[in-house]
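Heads up: numbering here begins at 1 and tracks the sequence. For the numbers below, each heavy atom of this structure counts, side chains included, while hydrogens, waters and symmetry mates do not.
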Amino acid sequence: MDVLTPEQRKKNMQNIKGKDTQIELILRRALWKKGYRYRKHYSVLPGKPDIALTKYKIAVFCDGEFFHGYDWEVLKPKLLKGNNGEFWVSKISRNRERDDEVNKQLLFLGWTVIRFWGNEIKKKPDECVRVIEEAIFDMKIGDDSYNEVLNV
């Protein structure tokens, strides 16, 4: 395992983007290619969804595995053993709580929330689009009770 100097680590962290990430671009391209139009980082909604299909009231989030705690029960003990472990556990725990809060707020507003993990988008973007299309189809057939959170 390579140990980074504080300067190297700082540079790495500064290069992590919050908007227009690779996974967002992949999913947006796939949706655009299928003819779906959307808003990016729609600030009118809680949590500023990465992609908002306003016509269908669908909010899509593209979650990175590290910062959103993918496989949290495995990741958490690893972080605690590493550098600055308490900080990272606290930060990621709060991110996960915030994700849940945003999901609830959007559901209350009548939006369907879909969350994809970054690796799912990278490996299977067409399946991610299919999940969104299924949500649209379910809405079109008049199932008003469809508002839910889809974690893929």
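- Other residues, nucleotides and ligands contribute only 12 or fewer heavy atoms inside 6.0 Å of the CD atom of Glu86.
- The line from OH of Tyr36 to CD1 of Ile132 is 8.5 Å long, rounded to the nearest 0.5 Å.
- Using cut-offs of 30° and 60° on the angle between ring planes, the pair Tyr70 and Trp117 is perpendicular.
- Contact annotation: the side chain of Trp32 never approaches that of Arg29 to less than 4.5 Å [non-hydrogen atoms, C-beta and beyond].
- Between atom CG of residue Asp99 and atom CZ of residue Arg94 there is a gap of 9.5 Å, rounded to the nearest 0.5 Å.
- Contact between Leu75 and Gly69 at its shortest, heavy atoms only, is CD2-CA, 4.2 Å.
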Next item on the list: Apply side chain to side chain contact (heavy atoms under 4.5 Å, CB included) to Arg37 and Lys55, showing your working.
Entry: CA-CA 9 Å; Arg37 300 304 176 247; Lys55 180 177 179 180; over 6 Å; no

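- Nearest heavy-atom pair, Leu27 versus Pro125, reported as atom, atom and distance to 0.1 Å: CD1-O, 4.5 Å.
- Taking both residues in full, the closest heavy atoms of His41 and Glu24 are given as CE1-OE1, 2.9 Å, listed atom of the first, atom of the second, then distance.
- In terms of modelled atom types and a separation under 3.5 Å, the side chain of Asp50 and the main chain of Cys62 share a donor-acceptor contact.
- Within 6.0 Å of CZ on Phe67 lie more than 12 heavy atoms contributed by other residues, nucleotides or ligands.
- The CG atom of Leu107 sits 9.5 Å away from the NZ atom of Lys104 when rounded to the nearest 0.5 Å.
- Ile26 contributes atom CD1, which lies 13.0 Å from atom CZ of Phe116 (distance to the nearest 0.5 angstrom).
- To the nearest 0.5 Å, atoms NE2 (His68) and CZ (Arg98) are separated by 9.0 Å.
- When all heavy atoms of Phe61 and Val102 are compared, the closest pair comes out as CZ-CG1, 3.8 Å.
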Check: Can you list the steps and then say if Asn83 with Trp88 is a side chain to side chain contact (heavy atoms under 4.5 Å, CB included)?
Finding: CA-CA 9 Å; Asn83 268 357; Trp88 286 111; over 6 Å; no

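- Using a distance-only test at 3.5 Å, with no hydrogens or angles considered, a donor-acceptor pair links the side chain of Glu65 to the main chain of Gly118.
- Here the side chains of Arg39 and Val44 are not in contact, with every heavy-atom distance at 4.5 Å or above.
- Shown here for Gly64 and Ile23, the closest heavy-atom pair between the two residues is N-CD1, 4.3 Å.
- Residues Leu25 and Leu31 do not share a hydrophobic cluster, defined by chaining ILVMFWY side chains whose heavy atoms lie under 4.5 Å apart.
- Side chain of Lys40 to main chain of Asp20: no donor-acceptor pair is present (N/O by atom type, distance under 3.5 Å, no hydrogens or angles).
- One finds the CH2 atom of Trp111 at 14.0 Å from the CG atom of Asn103 (value rounded to the nearest 0.5 Å).
- Linking Ile, Leu, Val, Met, Phe, Trp and Tyr residues whenever their side-chain heavy atoms come within less than 4.5 Å leaves Val89 and Val74 in two separate clusters.
- Contact annotation: the side chain of Phe87 never approaches that of Leu79 to less than 4.5 Å [non-hydrogen atoms, C-beta and beyond].
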